[in-house]
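Accompanying notes for the structure given below.
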Amino acid sequence: MEFRDLKAQYLNNKTTIDNAIQSVLLSSHFIGGEPVKQLEEKLAEYVGVKHCITCANGTDALQLALMAWGIGENDAVFVPDFTFFSTAEVVSWVNAVPIFVDIERDTFNMSAHSLEEAIISVIKEGKLTPKAVIAVDLFGQPADFHAIQLIAQKYNILLLEDGAQGFGGSIEGKKACSFGDISTTSFFPAKPLGCYGDGGAIFTDNNDWAELIESYKVHGKGKDKYDNVRIGMNSRLDTIQAAVLLEKLKFFDEEIDACNKIAREYSQHLMNMVKVPVIGANIISSWAQYTICFRNNKEREYAIKTLADDNIPTAIYYRKPMHKQKAFQPQLYNNQDYIITENVCDCCLSLPMHAYLSMCDIQYITERIENAITSIKG
Ligand SMILES: *Cc1c(COP(=O)(O)O)cnc(C)c1O
(Lines give C-alpha, C1' and ligand atoms only; values in the text may rest on other atoms or scores of the structure.)
Protein backbone atom coordinates (compact mmCIF):
# COMPACT_ATOMS: atom_id res chain seq x y z
CA MET A 1 0.00 0.00 0.00
CA GLU A 2 1.20 3.51 -0.78
CA PHE A 3 0.85 6.58 1.43
CA ARG A 4 0.18 8.63 -1.69
CA ASP A 5 -0.05 6.51 -4.83
CA LEU A 6 1.51 8.63 -7.57
CA LYS A 7 2.27 5.56 -9.64
CA ALA A 8 -1.37 4.47 -9.80
CA GLN A 9 -2.31 7.99 -10.84
CA TYR A 10 0.31 7.97 -13.60
CA LEU A 11 -0.64 4.52 -14.91
CA ASN A 12 -4.29 5.57 -14.99
CA ASN A 13 -3.43 8.52 -17.23
CA LYS A 14 -0.27 7.26 -18.88
CA THR A 15 -1.04 7.94 -22.54
CA THR A 16 -2.11 11.57 -22.16
CA ILE A 17 0.72 12.41 -19.76
CA ASP A 18 3.33 10.66 -21.93
CA ASN A 19 2.06 12.55 -24.98
CA ALA A 20 2.18 15.88 -23.15
CA ILE A 21 5.79 15.31 -22.09
CA GLN A 22 6.70 14.06 -25.56
CA SER A 23 5.34 17.20 -27.18
CA VAL A 24 7.58 19.38 -24.99
CA LEU A 25 10.58 17.21 -25.93
CA LEU A 26 9.75 17.60 -29.62
CA SER A 27 9.28 21.36 -29.30
CA SER A 28 12.64 21.58 -27.45
CA HIS A 29 11.36 24.64 -25.55
CA PHE A 30 12.22 23.60 -22.03
CA ILE A 31 11.83 26.91 -20.23
CA GLY A 32 8.72 29.06 -20.61
CA GLY A 33 6.68 28.84 -23.79
CA GLU A 34 3.06 28.05 -24.55
CA PRO A 35 2.35 25.33 -21.90
CA VAL A 36 3.47 27.62 -19.06
CA LYS A 37 1.34 30.48 -20.34
CA GLN A 38 -1.65 28.19 -20.85
CA LEU A 39 -1.26 26.72 -17.36
CA GLU A 40 -1.17 30.17 -15.75
CA GLU A 41 -4.39 31.11 -17.56
CA LYS A 42 -6.10 27.85 -16.60
CA LEU A 43 -5.06 28.10 -12.95
CA ALA A 44 -6.14 31.74 -12.62
CA GLU A 45 -9.50 30.77 -14.07
CA TYR A 46 -9.79 27.71 -11.81
CA VAL A 47 -9.08 29.74 -8.67
CA GLY A 48 -11.03 32.78 -9.84
CA VAL A 49 -8.32 35.44 -9.56
CA LYS A 50 -6.84 37.84 -12.09
CA HIS A 51 -3.19 36.76 -12.08
CA CYS A 52 -1.42 33.43 -11.74
CA ILE A 53 2.37 33.50 -11.87
CA THR A 54 4.15 30.15 -11.82
CA CYS A 55 7.53 29.70 -10.16
CA ALA A 56 10.04 27.03 -9.16
CA ASN A 57 8.42 25.77 -5.92
CA GLY A 58 6.03 26.64 -3.10
CA THR A 59 8.75 28.08 -0.88
CA ASP A 60 9.87 30.54 -3.56
CA ALA A 61 6.22 31.45 -4.12
CA LEU A 62 5.91 32.55 -0.46
CA GLN A 63 9.21 34.38 -0.57
CA LEU A 64 8.31 36.22 -3.78
CA ALA A 65 5.09 37.43 -2.15
CA LEU A 66 7.01 38.83 0.85
CA MET A 67 9.52 40.46 -1.53
CA ALA A 68 6.72 42.10 -3.53
CA TRP A 69 5.39 43.56 -0.27
CA GLY A 70 8.84 44.82 0.70
CA ILE A 71 8.77 42.99 4.03
CA GLY A 72 12.09 43.01 5.86
CA GLU A 73 13.97 44.01 8.99
CA ASN A 74 11.92 44.88 12.08
CA ASP A 75 8.71 43.59 10.49
CA ALA A 76 6.57 40.99 12.24
CA VAL A 77 4.88 38.28 10.20
CA PHE A 78 2.38 35.99 11.98
CA VAL A 79 2.64 32.30 11.13
CA PRO A 80 0.93 29.20 12.53
CA ASP A 81 3.11 27.23 14.95
CA PHE A 82 1.90 24.00 13.32
CA THR A 83 2.97 23.97 9.66
CA PHE A 84 5.75 22.92 7.31
CA PHE A 85 9.00 24.81 7.92
CA SER A 86 8.81 26.84 4.66
CA THR A 87 5.92 28.98 5.88
CA ALA A 88 8.11 30.51 8.58
CA GLU A 89 11.50 30.03 6.91
CA VAL A 90 10.74 32.61 4.20
CA VAL A 91 9.95 35.22 6.86
CA SER A 92 13.42 34.87 8.37
CA TRP A 93 14.93 34.73 4.87
CA VAL A 94 13.69 38.26 4.13
CA ASN A 95 15.06 39.33 7.56
CA ALA A 96 11.65 39.79 9.16
CA VAL A 97 10.60 38.04 12.39
CA PRO A 98 8.13 35.12 12.38
CA ILE A 99 5.68 35.31 15.27
CA PHE A 100 4.18 31.90 15.93
CA VAL A 101 0.47 31.51 16.58
CA ASP A 102 -1.35 28.54 18.12
CA ILE A 103 -3.93 26.51 16.18
CA GLU A 104 -7.51 25.23 16.54
CA ARG A 105 -7.71 21.66 17.74
CA ASP A 106 -10.53 20.69 15.34
CA THR A 107 -9.08 22.01 12.09
CA PHE A 108 -5.31 22.16 12.78
CA ASN A 109 -5.44 25.67 11.29
CA MET A 110 -4.36 29.01 12.80
CA SER A 111 -6.57 30.22 15.64
CA ALA A 112 -7.99 33.64 14.81
CA HIS A 113 -8.24 34.39 18.51
CA SER A 114 -4.56 33.59 19.16
CA LEU A 115 -3.64 35.62 16.08
CA GLU A 116 -5.30 38.72 17.48
CA GLU A 117 -3.62 38.21 20.86
CA ALA A 118 -0.24 37.89 19.15
CA ILE A 119 -0.77 41.06 17.11
CA ILE A 120 -1.81 43.04 20.19
CA SER A 121 1.23 41.88 22.13
CA VAL A 122 3.63 42.85 19.31
CA ILE A 123 2.01 46.30 19.08
CA LYS A 124 2.24 46.74 22.87
CA GLU A 125 5.89 45.79 22.93
CA GLY A 126 6.56 48.31 20.18
CA LYS A 127 9.77 46.84 18.76
CA LEU A 128 8.42 45.26 15.58
CA THR A 129 5.86 46.46 13.05
CA PRO A 130 3.08 43.96 12.32
CA LYS A 131 3.05 43.67 8.52
CA ALA A 132 1.46 40.40 7.43
CA VAL A 133 -0.13 37.12 8.46
CA ILE A 134 0.50 33.86 6.61
CA ALA A 135 -2.52 31.58 7.03
CA VAL A 136 -1.95 27.97 6.00
CA ASP A 137 -4.60 25.66 4.53
CA LEU A 138 -3.27 22.75 6.54
CA PHE A 139 -3.90 19.18 5.35
CA GLY A 140 -6.19 20.54 2.59
CA GLN A 141 -8.73 22.50 4.62
CA PRO A 142 -8.80 26.27 3.96
CA ALA A 143 -7.93 28.35 7.03
CA ASP A 144 -10.62 30.31 8.92
CA PHE A 145 -10.54 33.15 6.40
CA HIS A 146 -13.82 34.77 7.48
CA ALA A 147 -12.26 35.56 10.85
CA ILE A 148 -8.67 36.08 9.71
CA GLN A 149 -9.59 38.56 6.95
CA LEU A 150 -11.43 40.69 9.52
CA ILE A 151 -8.42 40.72 11.84
CA ALA A 152 -6.05 41.57 8.97
CA GLN A 153 -8.30 44.52 8.08
CA LYS A 154 -8.66 45.65 11.67
CA TYR A 155 -4.89 45.86 12.21
CA ASN A 156 -4.12 46.87 8.63
CA ILE A 157 -1.82 43.96 7.86
CA LEU A 158 -1.53 41.96 4.63
CA LEU A 159 -2.89 38.44 4.31
CA LEU A 160 -0.85 35.76 2.56
CA GLU A 161 -2.59 32.42 2.00
CA ASP A 162 -0.17 29.48 1.98
CA GLY A 163 -2.27 27.10 -0.09
CA ALA A 164 0.51 24.55 -0.69
CA GLN A 165 -1.73 21.86 0.83
CA GLY A 166 -5.08 23.49 0.16
CA PHE A 167 -5.19 23.85 -3.61
CA GLY A 168 -8.53 22.54 -4.88
CA GLY A 169 -10.39 23.13 -1.59
CA SER A 170 -13.02 25.83 -1.11
CA ILE A 171 -15.18 27.85 1.29
CA GLU A 172 -18.77 28.38 0.17
CA GLY A 173 -17.74 27.59 -3.39
CA LYS A 174 -14.87 30.10 -3.38
CA LYS A 175 -11.62 28.32 -4.17
CA ALA A 176 -8.49 28.10 -2.03
CA CYS A 177 -5.73 30.46 -3.21
CA SER A 178 -8.27 33.26 -3.63
CA PHE A 179 -8.44 34.32 0.03
CA GLY A 180 -5.13 36.13 0.49
CA ASP A 181 -4.10 39.54 -0.78
CA ILE A 182 -1.59 37.19 -2.35
CA SER A 183 -1.96 33.39 -2.23
CA THR A 184 0.53 30.70 -3.11
CA THR A 185 0.66 26.98 -3.78
CA SER A 186 3.15 24.18 -4.38
CA PHE A 187 3.17 21.49 -7.07
CA PHE A 188 5.56 19.22 -5.16
CA PRO A 189 4.60 15.68 -6.30
CA ALA A 190 2.74 14.70 -3.10
CA LYS A 191 0.64 17.91 -2.86
CA PRO A 192 -3.01 17.80 -3.98
CA LEU A 193 -2.03 19.02 -7.47
CA GLY A 194 1.50 17.71 -7.95
CA CYS A 195 3.87 17.74 -10.91
CA TYR A 196 6.85 15.45 -11.60
CA GLY A 197 9.45 17.56 -9.83
CA ASP A 198 9.29 20.94 -8.10
CA GLY A 199 6.85 23.69 -8.99
CA GLY A 200 4.81 26.50 -7.46
CA ALA A 201 2.44 29.35 -8.21
CA ILE A 202 1.36 32.75 -6.91
CA PHE A 203 -2.16 34.18 -7.19
CA THR A 204 -3.34 37.76 -6.83
CA ASP A 205 -5.86 40.28 -8.15
CA ASN A 206 -3.37 43.12 -7.69
CA ASN A 207 -1.71 44.29 -10.94
CA ASP A 208 1.27 46.02 -9.30
CA TRP A 209 2.24 43.04 -7.14
CA ALA A 210 1.82 40.70 -10.12
CA GLU A 211 4.17 42.85 -12.18
CA LEU A 212 6.73 43.00 -9.35
CA ILE A 213 6.64 39.23 -8.88
CA GLU A 214 7.07 38.65 -12.66
CA SER A 215 10.23 40.75 -12.36
CA TYR A 216 11.58 39.28 -9.09
CA LYS A 217 11.24 35.70 -10.36
CA VAL A 218 13.46 36.43 -13.40
CA HIS A 219 16.52 38.20 -11.96
CA GLY A 220 14.65 41.43 -11.26
CA LYS A 221 14.11 41.95 -14.97
CA GLY A 222 13.02 45.26 -16.46
CA LYS A 223 12.32 45.24 -20.22
CA ASP A 224 13.89 41.77 -20.46
CA LYS A 225 16.15 39.53 -18.41
CA TYR A 226 19.26 41.45 -19.49
CA ASP A 227 17.82 44.71 -18.19
CA ASN A 228 17.95 44.23 -14.42
CA VAL A 229 16.20 46.84 -12.34
CA ARG A 230 16.14 45.08 -8.93
CA ILE A 231 17.81 42.13 -7.20
CA GLY A 232 15.64 39.10 -7.82
CA MET A 233 16.01 35.37 -8.16
CA ASN A 234 15.76 32.60 -10.75
CA SER A 235 12.46 30.89 -10.06
CA ARG A 236 10.67 29.46 -13.06
CA LEU A 237 8.38 26.48 -13.63
CA ASP A 238 9.84 24.07 -16.22
CA THR A 239 7.83 23.61 -19.43
CA ILE A 240 7.63 19.83 -18.89
CA GLN A 241 6.09 20.40 -15.45
CA ALA A 242 3.55 22.81 -16.93
CA ALA A 243 2.60 20.22 -19.57
CA VAL A 244 2.14 17.54 -16.87
CA LEU A 245 0.05 19.90 -14.74
CA LEU A 246 -2.20 20.83 -17.68
CA GLU A 247 -3.06 17.13 -18.07
CA LYS A 248 -3.49 16.52 -14.34
CA LEU A 249 -5.77 19.53 -13.97
CA LYS A 250 -8.28 17.75 -16.23
CA PHE A 251 -8.99 15.04 -13.66
CA PHE A 252 -8.11 17.03 -10.52
CA ASP A 253 -11.70 17.69 -9.39
CA GLU A 254 -12.61 14.02 -9.81
CA GLU A 255 -9.69 13.09 -7.58
CA ILE A 256 -10.78 15.59 -4.92
CA ASP A 257 -14.29 14.08 -4.99
CA ALA A 258 -12.78 10.61 -4.56
CA CYS A 259 -10.65 11.80 -1.62
CA ASN A 260 -13.71 13.31 0.06
CA LYS A 261 -15.52 10.00 -0.28
CA ILE A 262 -12.53 8.18 1.23
CA ALA A 263 -12.30 10.69 4.09
CA ARG A 264 -15.99 10.15 4.94
CA GLU A 265 -15.46 6.38 4.92
CA TYR A 266 -12.38 6.67 7.17
CA SER A 267 -14.22 8.91 9.62
CA GLN A 268 -17.27 6.63 9.80
CA HIS A 269 -15.04 3.73 10.83
CA LEU A 270 -12.76 5.68 13.14
CA MET A 271 -14.88 8.29 14.90
CA ASN A 272 -15.47 6.23 18.02
CA MET A 273 -11.82 5.27 18.39
CA VAL A 274 -9.75 8.39 17.70
CA LYS A 275 -10.30 12.09 17.04
CA VAL A 276 -11.11 12.38 13.33
CA PRO A 277 -10.61 15.54 11.24
CA VAL A 278 -13.39 18.15 11.47
CA ILE A 279 -14.26 20.01 8.27
CA GLY A 280 -16.20 23.25 8.71
CA ALA A 281 -19.68 23.85 7.27
CA ASN A 282 -19.64 24.71 3.55
CA ILE A 283 -15.93 23.92 3.38
CA ILE A 284 -14.37 21.42 1.00
CA SER A 285 -10.95 20.00 1.82
CA SER A 286 -8.57 18.83 -0.88
CA TRP A 287 -7.28 16.22 1.61
CA ALA A 288 -3.55 16.71 1.30
CA GLN A 289 -3.54 14.58 4.46
CA TYR A 290 -6.10 12.62 6.46
CA THR A 291 -4.90 13.20 10.02
CA ILE A 292 -6.26 11.65 13.21
CA CYS A 293 -5.29 12.24 16.83
CA PHE A 294 -4.74 9.54 19.43
CA ARG A 295 -5.11 10.19 23.15
CA ASN A 296 -1.37 10.34 23.71
CA ASN A 297 2.01 9.63 22.15
CA LYS A 298 2.19 6.11 23.59
CA GLU A 299 -1.05 5.09 21.90
CA ARG A 300 0.15 6.69 18.65
CA GLU A 301 3.54 4.98 18.66
CA TYR A 302 1.88 1.63 19.30
CA ALA A 303 -0.52 2.17 16.40
CA ILE A 304 2.32 3.19 14.06
CA LYS A 305 4.16 -0.01 14.86
CA THR A 306 1.07 -2.19 14.46
CA LEU A 307 0.28 -0.60 11.09
CA ALA A 308 3.90 -0.85 9.92
CA ASP A 309 3.91 -4.57 10.73
CA ASP A 310 1.04 -4.92 8.25
CA ASN A 311 2.82 -2.75 5.64
CA ILE A 312 0.51 0.22 6.12
CA PRO A 313 2.55 3.42 5.77
CA THR A 314 1.78 6.37 8.05
CA ALA A 315 3.46 9.72 8.68
CA ILE A 316 3.62 12.29 11.47
CA TYR A 317 2.91 15.78 10.19
CA TYR A 318 4.30 17.39 12.31
CA ARG A 319 6.32 16.12 15.23
CA LYS A 320 7.91 19.45 16.15
CA PRO A 321 6.23 22.86 16.42
CA MET A 322 7.89 25.82 14.71
CA HIS A 323 8.74 27.52 18.00
CA LYS A 324 10.87 24.51 18.96
CA GLN A 325 12.85 24.36 15.72
CA LYS A 326 16.51 25.06 16.33
CA ALA A 327 16.72 27.38 13.32
CA PHE A 328 14.35 29.88 14.96
CA GLN A 329 15.90 29.94 18.43
CA PRO A 330 18.23 32.93 17.87
CA GLN A 331 15.35 35.26 16.99
CA LEU A 332 12.57 33.54 18.88
CA TYR A 333 9.80 35.89 19.91
CA ASN A 334 8.17 33.80 22.56
CA ASN A 335 5.46 35.44 24.60
CA GLN A 336 2.67 32.98 23.94
CA ASP A 337 2.05 29.41 24.84
CA TYR A 338 1.26 26.80 22.23
CA ILE A 339 -0.77 24.31 24.21
CA ILE A 340 -2.84 22.96 21.34
CA THR A 341 0.03 22.73 18.87
CA GLU A 342 2.19 20.88 21.38
CA ASN A 343 -0.59 18.45 22.18
CA VAL A 344 -1.36 17.81 18.50
CA CYS A 345 2.36 17.22 17.76
CA ASP A 346 2.28 14.44 20.37
CA CYS A 347 -0.91 12.74 19.17
CA CYS A 348 -1.39 13.26 15.41
CA LEU A 349 -0.94 10.65 12.70
CA SER A 350 -1.60 10.93 8.97
CA LEU A 351 -2.99 7.87 7.21
CA PRO A 352 -2.68 6.85 3.55
CA MET A 353 -4.79 9.27 1.49
CA HIS A 354 -5.16 9.41 -2.29
CA ALA A 355 -7.82 8.93 -4.92
CA TYR A 356 -6.74 5.35 -5.67
CA LEU A 357 -7.41 3.84 -2.23
CA SER A 358 -10.15 1.22 -2.31
CA MET A 359 -12.91 0.77 0.26
CA CYS A 360 -11.19 -2.55 1.07
CA ASP A 361 -7.99 -0.67 1.87
CA ILE A 362 -9.89 1.62 4.24
CA GLN A 363 -11.52 -1.36 5.92
CA TYR A 364 -8.11 -3.00 6.33
CA ILE A 365 -6.43 0.13 7.75
CA THR A 366 -9.22 1.00 10.17
CA GLU A 367 -9.42 -2.59 11.47
CA ARG A 368 -5.70 -2.51 12.23
CA ILE A 369 -6.11 0.76 14.11
CA GLU A 370 -8.98 -0.71 16.10
CA ASN A 371 -6.83 -3.74 16.96
CA ALA A 372 -3.99 -1.51 18.12
CA ILE A 373 -6.23 0.59 20.35
CA THR A 374 -8.00 -2.44 21.83
CA SER A 375 -4.78 -4.21 22.67
CA ILE A 376 -3.12 -1.16 24.23
CA LYS A 377 -6.20 -0.62 26.45
CA GLY A 378 -6.36 -4.30 27.42
C1 LIG B 1 5.04 21.90 0.86
C2 LIG B 1 4.76 23.13 1.56
C3 LIG B 1 5.42 24.34 1.27
C4 LIG B 1 6.61 24.41 0.35
O5 LIG B 1 6.43 23.93 -0.94
P6 LIG B 1 7.70 23.44 -1.79
O7 LIG B 1 7.16 23.36 -3.18
O8 LIG B 1 8.13 22.13 -1.25
O9 LIG B 1 8.76 24.49 -1.66
C10 LIG B 1 5.04 25.48 1.93
N11 LIG B 1 4.05 25.47 2.84
C12 LIG B 1 3.39 24.33 3.16
C13 LIG B 1 2.29 24.40 4.18
C14 LIG B 1 3.74 23.13 2.55
O15 LIG B 1 3.08 22.01 2.89
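Each ligand, and each atom within it, is numbered from 1 in the order the structure gives.
- Nearest-residue assignment for atom 7 (O) of ligand 1 (options P189, S186, G200, A56; heavy-atom criterion): S186.
- Residue, atom and distance of the protein heavy atom nearest to atom 13 (C) of ligand 1 are D162 OD2, 3.4 Å.
- In this structure, K175 satisfies the cation-pi test against Y46, with its NZ or CZ atom closer than 6.0 Å to the six-membered ring centre and inside 45 degrees of the ring normal.
- Side-chain contact between Y155 and E116 is present, with at least one heavy-atom pair separated by less than 4.5 Å.
- Side chains of V90 and T59 form a contact here, defined as non-hydrogen atoms less than 4.5 Å apart.
- More than 12 non-hydrogen atoms from other residues, nucleotides or ligands lie less than 6.0 angstrom from CD1 of I292.
- Atom numbering of ligand 1 starts at 1 in the shown order; those under 4.0 Å from a heavy atom of N57 are 7 (O), 9 (O).
- F294 does not carry K275 over the face of its six-membered ring by the limits of under 6.0 Å from the centre and within 45° of the normal.
- Within a 6.0 Å radius of CG in D309, other residues, nucleotides and ligands contribute more than 12 heavy atoms.
- Between the choices E89, K191, Q289, the shortest heavy-atom distance to atom 15 (O) of ligand 1 belongs to K191.
- At a 3.5 angstrom cut-off on N or O pairs, T83 does not count as close to ligand 1.
- Remark: ligand 1 atoms within the under-4.0 Å shell around heavy atoms of V136 are 13 (C).
- The closest protein non-hydrogen atom to atom 6 (P) of ligand 1 is G58 N, 3.4 Å.
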Q: Determine, step by step, whether E255 and K261 satisfy the salt bridge (charged side-chain N to carboxylate O under 4.0 Å, His left out) criterion, reporting the C-alpha distance in whole Å, the side-chain angles of both residues, the deciding distance to 0.1 Å, and the verdict.
A: CA-CA 10 Å; E255 287 196 344; K261 198 164 158 234; over 6 Å; no

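- Using a 4.0 Å cut-off between heavy atoms, T59 contacts ligand 1 through both its backbone and its side chain.
- Near T87, the atoms of ligand 1 lying under 4.0 angstrom from a non-hydrogen atom of the residue are 11 (N), 13 (C).
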